[in-house]
Amino acid sequence: MFRTFDQVLSIIDFDVVNSEEIPKNILEIFESRNEAKKQKNFEKADELRDELIEKGYKIVDNRD
């Protein structure tokens with residue numbers, strides 16, 4: 001029912017609901033990106049974000 005509803009409004013991100021375990025190498029890239037952001041190396045953080053996107057992982061940034 002929710003998927004049908006989402007086909008009309010496109011407001012639910014079902015990718016977040018995926019229960020697959022995240023591979024270790026993806027987690028390492030993610031942690032490296034977080035560290036680059038902490039050090040204000042935004043160019044490197046963007047490169048790592050793009051690498052994750054190419055591998056099929058979406059990053060949702062927030063203030064935290």
Side-chain angles (χ1 to χ4, degrees):
M1 178 178 92
F2 287 116
R3 287 191 190 277
T4 302
F5 182 70
D6 189 53
Q7 286 176 342
V8 175
L9 298 177
S10 297
I11 59 172
I12 301 171
D13 186 1
F14 284 101
D15 293 336
V16 174
V17 180
N18 192 349
S19 64
E20 289 183 26
E21 188 172 319
I22 300 171
K24 183 178 179 183
N25 66 323
I26 298 299
L27 290 174
E28 289 171 354
I29 296 169
F30 179 75
E31 291 300 324
S32 295
R33 179 180 181 267
N34 286 344
E35 187 60 35
K37 284 181 66 177
K38 283 181 189 175
Q39 300 204 4
K40 299 193 185 298
N41 186 350
F42 299 114
E43 185 176 329
K44 181 66 174 175
D46 289 345
E47 289 174 11
L48 293 167
R49 180 202 58 219
D50 293 342
E51 183 178 346
L52 289 169
I53 290 171
E54 287 175 14
K55 295 179 182 289
Y57 291 87
K58 183 183 351 180
I59 295 183
V60 179
D61 284 326
N62 60 31
R63 297 185 129 196
D64 298 328

Next on the checklist: Quick check for you: to the nearest 0.5 Å, what is the distance between Ile59 atom CD1 and Asn34 atom CG?
Outcome noted: 7.5 Å

Checklist outcome for this item: On a heavy-atom basis, the closest approach of Ala45 and Ala36 is N-CB, 3.9 Å

Checklist entry - Any side-chain heavy atom of Ile22 within less than 4.5 Å of one from Tyr57? => result yes

Next on the checklist: Using the rule given for side chain to side chain contact (heavy atoms under 4.5 Å, CB included), can you reason through Arg49 versus Asp46, listing the C-alpha separation, both sets of side-chain angles and the distance that settles it, and then say yes or no?
Outcome noted: CA-CA 5 Å; Arg49 180 202 58 219; Asp46 289 345; 3.3 Å; yes

Checklist entry - Is there a side-chain contact between Glu28 and Ile26, using heavy atoms and a 4.5 Å cut-off? => result no

Checklist entry - With sequence neighbours excluded, what pairs up with Lys37 under the salt bridge (Lys or Arg N to Asp or Glu O under 4.0 Å) test? => result Asp61

Checklist entry - Same hydrophobic cluster for Leu52 and Leu27, using side-chain heavy-atom links shorter than 4.5 Å among ILVMFWY? => result yes

Next on the checklist: Nearest 0.5 angstrom please: Asn41 CG to Glu47 CD, how far?
Outcome noted: 8.0 Å

